[in-house]
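Quick notes on the structure that follows.
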Amino acid sequence: MLLIQALGSTLLGLALAGTAVRVLGPRLPSARTVLVSGAAGALFGAYLTNTALGPGHSTLFATFIGGALVSAVVVSLLLRPAGRTGRQSHRTPFSVPTRG
């Protein structure tokens, strides 16, 4: 049962990360980084859910939901902000105004 939970969660995390790469490609780092992060997040989420529910109470559905949620959180942390469409400031970043 544990092997099914691990493989299923990994496949679910890869599917979620692959969808994120297709939809939000320009705002994410390389596809390999996103896919590995999605799979690792799903495995950790499955482990966390299985541990939280305890022995004998973990169901396959609950484990998959926990894995998908943690995977989505990990992939969302990789997102970069969208580009600005407004006018940019002429001031250099971290500059101190002078009194002159």
Original post:
If every non-hydrogen atom of Thr59 is compared with every non-hydrogen atom of Gln5, which pair is closest and at what distance?
Top reply: O-NE2, 4.3 Å

Original post:
Taking side chain as C-beta onward, heavy atoms only, is Val70 less than 4.5 Å from Thr49?
Top reply: no

**OP:** Can you see which heavy atom on Gly18 is nearest to which on Leu35, and at what distance?
**Re:** N-CD2, 3.7 Å

Subject >> Within one Ile-Leu-Val-Met-Phe-Trp-Tyr cluster: Phe44 and Val74, side-chain cutoff 4.5 Å >> reply: yes

Original post:
Which heavy atom in Pro29 sits nearest to a heavy atom in Val34, and how many Å separate them?
Top reply: O-CG2, 4.0 Å

Subject >> Same apolar cluster (I L V M F W Y, side chains within < 4.5 Å links), Leu79/Val23 >> reply: yes

Original post:
Counting only N and O atoms by type, is there a donor-acceptor contact under 3.5 Å from the side chain of Ser71 to the main-chain atoms of Gly38?
Top reply: yes

**OP:** State the OG-CG distance between Ser76 and Leu16, to the nearest 0.5 angstrom.
**Re:** 9.5 Å

Original post:
Are more than 12 heavy atoms from other residues, nucleotides or ligands located less than 6.0 Å from atom CZ of Arg80?
Top reply: yes

Subject >> Distance in Å, Ile65 CD1 paired with Leu60 CG, rounded so as to fall on 0.5 Å steps >> reply: 10.5 Å

Subject >> Interatomic distance, Leu28 atom CG to Arg22 atom CZ [nearest 0.5 angstrom] >> reply: 13.5 Å

Subject >> Inter-residue atom distance Ser30.OG - Leu78.CG, 0.5 Å rounding >> reply: 9.5 Å

Original post:
When rounded to the nearest 0.5 angstrom, what is the spacing between CG in Leu48 and CG in Leu69?
Top reply: 10.5 Å

Subject >> hydrophobic_cluster_shared for Leu14 and Leu12, side chain cutoff 4.5 Å >> reply: no

